[in-house]
Amino acid sequence: MRACTKLISSTHPTLHFAHPTLESFIWNTLIRAHFQAGSRAELLTHTPLNVFLRMRFHRVKPDFHTFPFLLQSFNSPPHFQSGKQIHAQALLYGLANDPFVQTSLINMYSTCGNLMLARQVFDEISQPDLPSWNSIVNANVKVGLIDVARKVFDEMPERNVISWSCMINGYVSCGEYKEALALFREMQMVEANGVRPNEFTMSSVLSACGRLGALEHGKWIHAYIGKCGMEVGVVLGTSLIEMYAKCGIIERAKWVFDNMGPHNKDVMSWSAMISGLAMYGHAEECLELFTEMTSYGVRPNAVTFLGVLCACVHGGLVSEGKEYFRRMSEEFGITPLIQHYGCMVDLFGRAGLIQEARNLVNSMPMDPDVPVWGALLSGSRMHGDIETCEIALRKLIELDPTNSGAFVLLSNVYAKMGRWADVRHVRDLMEARGIKKVPGCSLVEVGGVLHEFFVGDDSHPETKEIYKMLDEIMKRLKMEGYVGNTNEVLLDLDEEGRELALSLHSEKLAIAFCFLKTSPGTPIRIVKNLRICSDCHVAIKVMSRVFDREIVVRDCNRFHHFKGGLCSCKEYW
DNA sequence: GTAGGGTTAG
């Protein structure tokens, strides 16, 4: 108890004499102090729960102020059992009807993944106030029930910035980026009612722009931030870096990064810039930045190393990658996560060091997951190591029987070797198991409007013109000596049919659309959900030369910057 | 004469 008073008098120097509620005040303050310290460092040996139990041991009655911080302490890491116990305690002391306690309960239950109990608490509130509504919206978001969240959101009697931010962020976190942007537009329409977006909102919206590759939208948001006089702090700065990097304007990302000043950047800002450069294949610059970061005394974390290793992968820097992987744990004390092992397997695989990749997979301390086997598969596929391919495939099917990617890759290997019977077999297997290929999809923004194209898509209003344009482009390419590389087509078609299937790839449709809609010389930016295939890669290279266009394609892996018949990546030839 | 609830990134 002496320690308590000492701690409190250091933060509240005026508290020197007794007060009727002083005792519970001291305990409550102590709970808060432990909660706040716990999230920063493990300096204190006790947890808020621990303090609460001692409080009860001393027969001090908790009051309204006791529970909120106590409940919050079970959010990270989530601790359902303790949370439930404390809920029972709040009921016991007749404090569970307090709106502050109820909101904390909703949050606690939802972060512990128990939506039912969160909902129960909410339903028992006769007149929920704004924070309770926001909490229940967010509770649905957290468990991924975005439609339910939206329904609750629409039912709310009133909404504030937080409600809107929660909902927009919800859409972003479940991958519905276009919905997020739509909701943001809706939000601006009610802006007249006094709801104005803040830093939180902008960060989510920027993230949506980045994922979509919607540069025009992103630029607009950037301008809007300036217009509102919003300060570009660490968080917004980092979001902007990420947005520009993901939209393919690495120079702009660097510009934002440099303008943040060396002392306003945290690990995340550095990491965002590092992974941005990595995605772009600028390996040397990326590694330099890492060195610069450490020279400013910013400690890299696991995410930073993910970016660094990723740079080594795209730059084909095997020995550097090995060195960073070693330093990561030895010098910085960071235990490699499964993603880091995935990077290393990818690094070895691409370099053709299949045996080394296999050794790593077999010796890693955790069970290899889908991305790890996937990296081994694509590496061995790249170098025609059928045996390793088959091993990886078997594991992939074991882990995720609905994963179409593995089947597609393996069938591509067979196709490359002309083993059409095996291709057929894989395809039958997929059919028998009801596995659908994830359809290729390309996104492009023209004049601030997003257009989406699927493989062989004919749903676009201007589909006729698009196909006509595509036809012309392909004719011109053929005149230039381009021959469709049909090795990667899954279907067992004759040569002409296969070539046709290739020409319908979504990125080609998107490019045809851009040729139709943009003036000559305008750079074309496309975002693709899958990896770009080698045929498209060749075709786009030729296009960039013949039509003198800069074409930037972001696939699920990295950027491909086509210019004058060349690509920035070293993955295809 | 003190204290409590709702949103962030990879």
Side-chain angles (χ1 to χ4, degrees), chain A residues 8-9 11-22 24-33 35-36 48 62-73 75 90 95 98-108 110-111 118 121-122 125 128-139 141-142 149 156 159-170 172-173 197-208 210-211 233-243 245-246 266-276 278-279 300-307 310 337 339:
Chain A
I8 289 156
S9 55
T11 46
H12 294 264
T14 47
L15 273 173
H16 288 307
F17 41 86
H19 187 275
T21 60
L22 182 61
S24 73
F25 171 65
I26 290 177
W27 286 102
N28 293 344
T29 309
L30 207 57
I31 286 173
R32 187 188 61 188
F35 169 68
Q36 287 168 344
D63 59 21
F64 290 123
H65 304 291
T66 311
F67 290 99
F69 277 130
L70 184 54
L71 286 166
Q72 274 181 74
S73 73
N75 288 348
L95 296 166
D98 180 67
F100 286 67
V101 174
Q102 284 164 327
T103 309
S104 307
L105 281 168
I106 295 173
N107 282 324
M108 182 276 294
S110 64
T111 40
V121 173
F122 180 77
I125 306 174
D129 60 1
L130 203 39
S132 325
W133 277 104
N134 289 339
S135 297
I136 198 71
V137 167
N138 205 32
V141 163
K142 273 182 215 156
M156 286 174 77
R159 303 176 193 99
N160 64 1
V161 216
I162 297 177
S163 331
W164 287 93
S165 304
C166 276
M167 199 61 230
I168 291 173
N169 180 49
V172 175
S173 63
N198 61 14
E199 214 185 31
F200 289 84
T201 332
M202 291 324 222
S203 165
S204 298
V205 174
L206 282 172
S207 168
R211 306 298 176 102
V234 212
V235 176
L236 270 187
T238 307
S239 301
L240 283 169
I241 293 171
E242 219 184 301
M243 185 276 288
K246 286 213 168 100
D266 67 357
V267 215
M268 293 199 183
S269 328
W270 287 93
S271 306
M273 195 65 233
I274 286 174
S275 14
M279 231 178 358
N301 62 18
V303 181
T304 322
F305 275 101
L306 228 43
C310 187
L337 302 173
Q339 288 96 321

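Just so it is clear, the structure is predicted and the values come from calculations on it, not from any experiment.
With sequence neighbours left out, the side chain to side chain contact (heavy atoms under 4.5 Å, CB included) criterion links A:S135 to A:T103, A:I106, A:N107. For A:T201, the side chain to side chain donor-acceptor pair (under 3.5 Å) criterion is met by A:S165, A:N198, not counting sequence neighbours. Among residues two or more places apart in sequence or in another chain, the side chain to side chain donor-acceptor pair (under 3.5 Å) test is passed with A:R159 by none. Every residue meeting the ring pair (Phe, Tyr, Trp, His ring centres under 6.0 Å) condition with A:F122, not counting sequence neighbours, appears here in chain and number order: A:W133. Partners of A:N169 according to the side chain to side chain contact (heavy atoms under 4.5 Å, CB included) rule, which considers only residues two or more places apart in sequence or in another chain, are A:S204.
At the heavy-atom level, A:N301 lies under 4.0 Å from base atoms of the strands shown. Among the protein residues, A:L70 comes within range of no part of the nucleic acid, since none of its heavy atoms lies under 4.0 Å from any strand. Note on A:T238: a base of the nucleic acid sits closer than 4.0 angstrom, heavy atoms only. Using a 4.0 Å heavy-atom criterion, one finds that A:R159 contacts no nucleic acid atom at all. A:V137 comes within 4.0 angstrom of nothing in the nucleic acid, heavy atoms only. A:N169 comes within contact range of the sugar-phosphate backbone alone, with a heavy-atom separation under 4.0 Å but no base atom that close. Nucleic acid contact class of A:F69 (heavy atoms, under 4.0 Å, all strands): sugar-phosphate only. Across all strands, A:E199 comes closer than 4.0 Å to base atoms (heavy-atom distances).
A straight line from CG of A:L95 to P of B:dG4 spans 16 Å, rounded to a whole angstrom. At whole-Å resolution of the value, CD1 in A:I125 and C1' in B:dG5 are 10 Å apart. Atom CH2 in A:W270 sits about 22 Å away from atom P in B:dA9, given to the nearest Å. The distance from atom CD1 of A:I168 to atom P of B:dT7 is 15 Å, rounded to the nearest whole Å. With rounding to whole Å, A:W27 atom CH2 is found 16 Å from B:dA3 atom C1'.
Counting only heavy atoms from C-beta on, A:S165 has its side chain closest to B:dT7 among B:dG10, B:dG6, B:dT7. For A:S132, the listed nucleotide lying nearest its side chain is B:dG5; candidates were B:dG10, B:dG5, B:dG4.
For the atom pair A:M202 CE and A:M243 CE, the distance stands at 11.0 Å (nearest 0.5 Å).
Base pairing in DNA chain B gives no stem of 3 or more Watson-Crick or G-U pairs under 3.5 Å.
Formation of a donor-acceptor pair under 3.5 Å by the A:D129 side chain with backbone atoms of A:S132 is found in this model.
With hydrogens and angles ignored, no donor-acceptor pair under 3.5 angstrom links the side chain of A:N28 to the base of B:dG4.
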